[in-house]
2 protein chains.
Amino acid sequence: MSGIAKVAELAGVSKSTASRALTGAGYVSESTRARVIAAAATIGYVPSTSAVSLATGRTRTIGVVMPYVNRWFFAEVLEGIQEALLEHGLDLTLYDAKPGSAGRRRIFEDFLARKRFDGLIAVGLEPADDELERMRAIDRPLVTVVGEDPSTSVVAIDDDHAVRRATEHLIALGHDSIVFLGGGAGSNWAHVDRRRLDGYLEAMADADLGDHVRHVPSDVSLPGGYAAAVDLLGGARRTPTAIVGVCDEVAIGAIIASRRLGIRVPTDLSVVGIDDHEYAEMFALTTLEQVPRSQGLAAVELLLAHIADPDHAPRQVRLQARLVMRSSTAPPATHETAAVGDMRVQRRRFADE
Amino acid sequence: MSGIAKVAELAGVSKSTASRALTGAGYVSESTRARVIAAAATIGYVPSTSAVSLATGRTRTIGVVMPYVNRWFFAEVLEGIQEALLEHGLDLTLYDAKPGSAGRRRIFEDFLARKRFDGLIAVGLEPADDELERMRAIDRPLVTVVGEDPSTSVVAIDDDHAVRRATEHLIALGHDSIVFLGGGAGSNWAHVDRRRLDGYLEAMADADLGDHVRHVPSDVSLPGGYAAAVDLLGGARRTPTAIVGVCDEVAIGAIIASRRLGIRVPTDLSVVGIDDHEYAEMFALTTLEQVPRSQGLAAVELLLAHIADPDHAPRQVRLQARLVMRSSTAPPATHETAAVGDMRVQRRRFADE
DNA sequence: TTGAAAGCGATACCAC
DNA sequence: GTGGTATCGCTTTCAA
């Protein structure tokens, strides 16, 4: 005999009473409760989670599906989720669903169907239609971080608005030659990135800069931003006076590229990002701050509400991004522009080589 | 009625037979097996994991404990582990045990004791004694990635040897003023970092450079390396001709700092790292390559062996790091050293400001 | 080759 | 307040 039965025996009560005493459900006199708890403590009783799950139908586990864990945003959200779950005593099972991978297929086809969780948090998934279907089919509360679907709860920032503000900041400074850098490389247009591009487009249009609009695609990563910026800034073609990065990683890549090319930031080139990435400070990047960690926390709270009350209506939590001014932006260098432009072409080779 | 009972009914067999047919344990005639499988398919049968766990004692889940998920090495290991587990159809539950956090305490005190996993992988944990004790106490196979303990299985690179090679590479190039950058900031000496420092110390001693030895502590992160390098290289004090970073993040931070200070890499300063970080290429960083993703895979395979055979002897898998030559290292600039040194002092302000 | 029945370790309903 | 017992969904002897 083991488990709760042993505790019961030790305390001289029945299993039912022991269970009630330990879980706090139902009436137990104070004295027996104390005895049961003491008994549990002496044998170091820990309930079997599978038995509990089988009996209650709850797993006390939350599933998290995300396409990357090695990118800043995702890692931060994950840490936020973990922190909140730890607080609530819930386990976190991770499903790393890399776009196009065999693993991802298995996750959607097999793993999710096992329902080893009371609820699911999907972070930046961009699910295909059949994937979305499967997530629906599992009949567990679902909260999305960075998502579209108005029929499920969503936590996200207002991307459109954030980029709009970033762009307007540049325009207010006097820039008109502003490039939107990142996203749309190959066939990969993530919804977020698209939405951010829209924010840029709108801000430009509103300022009558519609024909100055220019999007330069890149991988949405630091090296991706770097590579694209080297092409953009190192080329003989007219270079912009300002860049809006689709996210901080891309923006920072652009700053690094600028430095290597001998282009001074912000004197010759202004750069804004979106995120407030952990490296933003170090590159003095002006950016629109979002706090993915808090988004993770918020997602957990929302999900728990859904679990507690299945009829809880879907909620869209759209956070407002705050402008963090650092020193990667300045007014364009009006007079010297031409001269500097010339110089720049001459030193197309990396500045520190 | 539901679950396997329904499948059994549909196939016109008993639960036992259905179970055998589905799990492949025990004899079932081909024809009945086919019928059972068909029946399962028509109702979309998915076994209840809690019931299976309760009956078999196996959770088909692996626990992963790590102190960070937002650092390159850890994220990569995690992805490697996930990939391997997906392959095997196993779930991954994550325990993010930030040093000193309340969550960490709960993980070790409560979460692990629940044993919701068939085995545990601990990555770079640096557990306190009581924590180690608790991990032992849970009586589940344990594999460590980046660890010490010879009594448990370990997957890691030979850190000492890797840094030794990095240092020797610099020495062979003609450097003698070599700084070891990173680790040991505040009271945080991680074992790995300490071991890496040892490698440096040994290489220096072997080359009779014992009194040129110099360790500059820093946070083990990119901004940490950057900040420390700015101090080190921007100061009036004699600056080294070469730096060994405790890891690539620190090394890259140093490169970024150098560029800002107008110090050319590798002309004025050589830099080597350990890792082959995702950004190493972009900074042309010469480094000792380790592949954390493979370490994650290896850890899983090792763990599964332990689970399959509880008597499997502990194994220490020490991988050899490969030197990846890029262009952050070169012979020291012998003649111009003094002149350059002077210049450097003059332009202590950031080069692009 | 198949079926009946006994667990696995909890919860929860229903008497007492 | 407390105890007996059915139940959750599956695996696994043991007999047939």
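Numbered from 1 within each chain, the chains take letters A, B, ... in sequence-line order. If you're wondering where the values come from, they're calculated on a predicted model, not measured in any experiment. Quick note: numbers below take in every heavy atom, side chains included, and nothing from hydrogens, waters or symmetry partners.
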Nearest to the side chain of B:S29 - D:dT11, C:dT2, C:dG9? C:dT2
Applying salt bridge (charged side-chain N to carboxylate O under 4.0 Å, His left out) to B:E278 and not counting sequence neighbours gives none
Take B:R33 and B:T56, find for each the nucleotide of DNA chain C with the closest heavy atom, and name the residue whose nucleotide sits nearer the 5' end. B:R33
Minimal non-hydrogen separation, B:Q295 against B:L319, with atom names: CG-CD2, 3.7 Å
Provide, to the nearest angstrom, the distance between the NZ atom belonging to A:K15 and the P atom belonging to C:dC13. 16 Å
Quick one: B:L54 CG to C:dG7 C1', roughly how many Å, whole number? 9 Å
Between A:K6 and A:E9, does any side-chain N to carboxylate O distance fall below 4.0 Å? no
Identify whether the distance between the nearest side-chain nitrogen and carboxylate oxygen of B:R136 and B:E133 falls below 4.0 Å. no
Spacing of A:I43 atom CD1 relative to C:dG9 atom P, expressed in whole Å: 12 Å
A:R116 CZ to D:dG9 P, in whole Å, measures 16 Å
Looking at every strand, decide which applies to A:S50 at a 4.0 Å heavy-atom threshold: base, sugar-phosphate, or nothing. nothing
Checking C:dT11, C:dG3, D:dG1 against the side chain of B:V13 (C-beta onward), the nearest is C:dG3
Expressed as a whole number of angstroms, how long is the span from A:E9:CD to C:dG9:P? 15 Å
Calculate the interatomic distance between A:Y27 atom OH and D:dG1 atom C1'; express it in whole Å. 10 Å
Any side-chain N or O of B:S48 below 4.0 angstrom from OP1/OP2 of D:dG9? no
Could you give the CD1-to-C1' distance, from A:I4 to D:dT5, as a whole number of Å? 15 Å
Value rounded to 0.5 Å, distance of CG in A:L78 from CZ in A:R71: 14.5 Å
Short side-chain N/O contact from A:Y45 to OP1 or OP2 of C:dG9, under 4.0 Å: no
Does A:R104 make a cation-pi contact with A:F108 (under 6.0 Å, within 45 degrees of the axis)? no
Need one value for A:T49: base, sugar-phosphate or nothing, where a base atom within 4.0 Å counts as base even if backbone is also close, heavy atoms only. nothing
Picking from C:dT2, C:dA10, D:dG3, which would you name as closest to the side chain of A:V52? C:dA10
Atom CZ of A:R58 and atom P of C:dA12 are separated, to the nearest Å, by 11 Å
Judged by atom type as modelled, is there a donor-acceptor pair below 3.5 Å linking the side chain of B:R318 to the main-chain atoms of B:I157? yes
I need the residues from residues 16-26 of chain A with at least one non-hydrogen atom less than 4.0 Å from DNA chain C; give them sorted by number, or say none. A:S16, A:S19, A:T23
